[in-house]
> 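Have a look at this one before I ask anything.
If you read the sequence from its start, that first residue is 1, and numbering goes on from there.
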Amino acid sequence: MADTDPTGPVLDRDEVDRALARLGAEHEAIETSLLALQDHAGRRLLEGAQLTGLTAERWKVTEASITLLWTCFDAYTDALRTARDIRSRRRWSSREDLVELTELLRGESVTLAGGATAAAGAPAPHGGRPGRLSERYSLATLVDRMNELYATSLDMVVAADAVWSALPARIDLLAAELQRTSRLAHSVGVRPGEHPAGDDLERITRTLTKLREQVVSDPLAFWKPAEGSSAPGGGRPDTTVYDREARALEDVRREIDAVLTVRQDAEKRIVRLRDVLSRADRTLAEARTARGEVLAKIAATEVPVVSGPPTALQEQLSTAAEYRRHAQWHRLSPLLESLEQKAEDELLRARESLTAVTAPLAVRAELRGRLDAYKAKVARHGLAEDPLLVERYEKARRMLWSAPCDLRAAEQAVLRYQQAASEQLGTAPRVPGQGGSDDRRGPGV
């Protein structure tokens, strides 16, 4: 049985060969990874960038870690080369060679200068204590340390590169769209200080300019690590600010589209408004004329007062035409919307005034119609010359065709004629004031 020492039993030739093969494969894999890291686009960008904030702090540590990583790799390479040289001395290694190889492969055979590590600002290797002049490590411990340094360095490089690959290009595209929108907004009068959308465009411009500067100088401030993920570069760029400004720009575009629509339809809408207000004026004029007629022809009736034309709306319509003439579409848009509703309300009010004013004339016309209808009915039954009916008819007729007409007295006269006609025709007598709704439909045939 082989002798033992702090590194464990002395390895035999086969164990040495297997260990060297494994360490050689690890060496090749580590070298490939280190060269890939050295050639990574993100690392080259970090080296040449003017960094600030979190990224500057992390990159200082990462640079030291990469330097330490190469130092560890060089020490690992030297130790592996030494072990291979010892193994190649003889085809069948002597006991002394095997003891030396066991120490190299299993013992703390690698020495790293602690001062250099501390000067670089990198954390002390696993198991090491800061401030010591040198530290000794086994090859296995050194591989673990290199894996740790590589993972943390790659994580930082990949995160920064992911942010730089995603956000600046998107910000530039949004900024280009912002410029086009700003030019269009300016052409339709949407300017800062004059329209809220103009103020929004100015704010979005400032925010995007500042955002791009921050992303370029401090990409890690816009990185969200994936929860529960330990893989290097696990996470995604934080696009919260970008997404918010993109939504704000879309809102501004919709506002400008509305203004453009106003520009295209402004003339038609203004003409339509003039027509509605003109109809309202004509209706009010008709109501005022009708009121004079009612006051002259109908007695003992309260007739509502008819208001004058809506001068305020006419002034606002003139203002709208002025806005259109000077291409102030952003001011014209809300004014037209308000005017369209007010104009429709004014036309409805004018029509209601005309209806209210002419109501007494409508009642008189209805009474005249009832009186003539009952006279025709009486004539069909051969009672046109009946003295009572002739007397009551003439009395009601004089009331309805004289001016001013007392509607209440005239209605009672019509009812009395209706009652007399019903009695002469043999129908059931009616009490004046009752059953009037039936009578107003006119006599039956």
> Contact between Leu317 and Leu277 at the side-chain level, heavy atoms closer than 4.5 Å - yes or no?
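Side chain of Leu317 against side chain of Leu277, heavy atoms only: contact under 4.5 Å found.
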
> Decide, yes or no, whether a salt bridge links Arg325 with Glu322 under the criterion of side-chain N to carboxylate O below 4.0 Å.
yes

> Does Thr55 reach the main-chain N or O of Leu220 with its side chain, forming a donor-acceptor pair under 3.5 Å?
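Checking the backbone N and O of Leu220 against the side chain of Thr55, a donor-acceptor pair under 3.5 Å is found.
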
> List the atom of Leu332, the atom of Ala266, and the distance in Å for their closest heavy-atom pair.
CD2-CB, 3.7 Å

> Donor-acceptor pair, distance only, cut-off 3.5 Å: does the side chain of Asn147 make one with the backbone of Val143?
yes

> Mind listing the closest non-hydrogen atom pair of Ala409 and Met399 along with its distance?
O-SD, 3.5 Å

> Within the structure provided, determine whether Ser217 and Leu51 are in side-chain contact (heavy-atom separation under 4.5 Å).
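Contact flag for Ser217/Leu51 side chains = no.
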
> Applying salt bridge (Lys or Arg N to Asp or Glu O under 4.0 Å) as the test, list every pair that has at least one member in residues 35-53; sequence neighbours left out.
Asp39-Arg44, Arg43-Glu47

> For the backbone of Gly193 and the side chain of Asp199, can you confirm whether one donor and one acceptor N or O come within less than 3.5 Å of each other?
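Yes, Asp199 side chain to Gly193 backbone: donor-acceptor pair under 3.5 Å.
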
> Tell me whether Thr181 contacts the main-chain N or O of Glu177 through its side chain, where contact means a donor paired with an acceptor under 3.5 Å.
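Yes; at least one donor-acceptor contact below 3.5 Å.
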
> From Met146 CE over to Ile30 CD1, what is the distance, rounded to the nearest 0.5 angstrom?
3.5 Å

> Between Trp164 (side chain) and Val215 (backbone), is there a donor-acceptor pair under 3.5 Å?
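Side chain of Trp164 to backbone of Val215: a pair is present.
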
> Supply the atom-to-atom distance Ile66 CD1 to Trp70 CH2, rounded to the nearest 0.5 angstrom.
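Between Ile66 CD1 and Trp70 CH2, I get 10.0 Å after rounding to 0.5 Å.
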
> To the nearest 0.5 angstrom, please state how far the CG atom of Leu35 sits from the CD atom of Glu31.
5.5 Å

> Are the side chains of Arg170 and Leu174 in touch, meaning some heavy atoms are under 4.5 Å apart?
no

> Say you draw a straight line from CD of Gln314 to CG of Asp281; how long is it, rounded to the nearest 0.5 Å?
5.5 Å

> Are Glu286 and Arg282 close enough for a salt bridge, meaning some N to O gap below 4.0 Å?
no

> Should Glu213 and Lys210 count as an ion pair when the cut-off is N to O under 4.0 Å?
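Judged by the 4.0 Å cut-off on N to carboxylate O distance, Glu213 and Lys210 do not form a salt bridge.
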
> Does Thr152 use its side chain to pair, donor to acceptor, with the backbone of Leu149 at less than 3.5 Å?
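Side chain of Thr152 to backbone of Leu149: a pair is present.
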
> Do the non-hydrogen side-chain atoms of His40 and Val158 ever get within less than 4.5 Å of each other?
yes

> Tell me the closest heavy-atom pair linking Leu249 and Leu201, and the distance in Å.
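So the two residues come closest at CD1-CD2, 3.8 Å.
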
> Any ion pair linking Arg272 and Asp265 (charged N to carboxylate O, less than 4.0 Å)?
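The answer is no: the pair does not qualify as a salt bridge.
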
> Under the side chain to side chain contact (heavy atoms under 4.5 Å, CB included) criterion, do Arg58 and Asp155 qualify, and how do the steps go?
CA-CA 11 Å; Arg58 288 279 302 277; Asp155 181 73; 3.8 Å; yes

> Would you give the length of the straight line joining atom CD of Glu352 to atom CG of Leu348, rounded to the nearest 0.5 angstrom?
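With rounding to 0.5 Å, CD (Glu352) is 4.0 Å from CG (Leu348).
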
> Compare every heavy atom of Ala287 with every heavy atom of Val357, then report the nearest pair and how far apart it is.
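Looking at all heavy atoms of both residues, the closest pair is CG1-O, 3.5 Å.
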
> Between Arg279 and Asp275, is there a side-chain heavy-atom distance shorter than 4.5 Å?
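Sidechains of Arg279 and Asp275: in contact.
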
> Evaluate the side-chain proximity of Arg206 to Glu202: yes if any heavy-atom separation is below 4.5 Å, no if none is.
yes

> First locate atom SG of Cys72, then atom CD of Glu148, and finally report the distance between them rounded to the nearest 0.5 Å.
10.0 Å

> Could you tell me if the side chain of Arg106 sits less than 4.5 Å from the side chain of Ser138, heavy atoms only?
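Not touching, per the 4.5 Å side-chain cut-off.
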
> Pair Leu139, Leu80 - check side chain to side chain contact (heavy atoms under 4.5 Å, CB included), show working.
CA-CA 9 Å; Leu139 290 177; Leu80 182 59; 5.7 Å; no

> Could you tell me whether Arg349 and Glu346 have a side-chain N and a carboxylate O separated by less than 4.0 Å?
yes

> Indicate yes or no: does Asp257 engage Arg254 in a salt bridge with an N to O separation below 4.0 Å.
no

> Would you sort out whether Thr207 and Arg244 count as a side chain to side chain contact (heavy atoms under 4.5 Å, CB included), showing the intermediate values?
CA-CA 10 Å; Thr207 302; Arg244 184 190 67 211; 4.1 Å; yes

> Check for a donor-acceptor pair, side chain of Ser187 on one end and backbone N or O of Leu184 on the other, with a separation under 3.5 Å.
yes

> Are any non-hydrogen side-chain atoms of Asp172 and Arg212 less than 4.5 angstrom apart?
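In contact.
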
> Can Leu339 and Ile270 be said to form a side chain to side chain contact (heavy atoms under 4.5 Å, CB included), step by step?
CA-CA 9 Å; Leu339 269 176; Ile270 290 176; over 6 Å; no

> Would you say the side-chain atoms of Arg191 pair up with the backbone N or O of His186, donor to acceptor, closer than 3.5 Å?
yes

> What pair of heavy atoms forms the shortest contact from Leu371 to Trp401, and how long is it?
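Result for this residue pair: CD2-CZ3, 4.3 Å.
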
> Parallel, tilted or perpendicular, judged at 30° and 60°: which one describes the rings of Phe73 and Tyr76?
parallel

> Taking the six-membered ring of Trp223 (Phe, Tyr or Trp), confirm whether the NZ or CZ of Arg236 is under 6.0 Å from its centre and within 45° of its axis.
no

> Gly53 and Asp218: which non-hydrogen atoms are nearest, and at how many Å?
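Taking every non-hydrogen atom into account, CA-OD2, 3.7 Å.
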
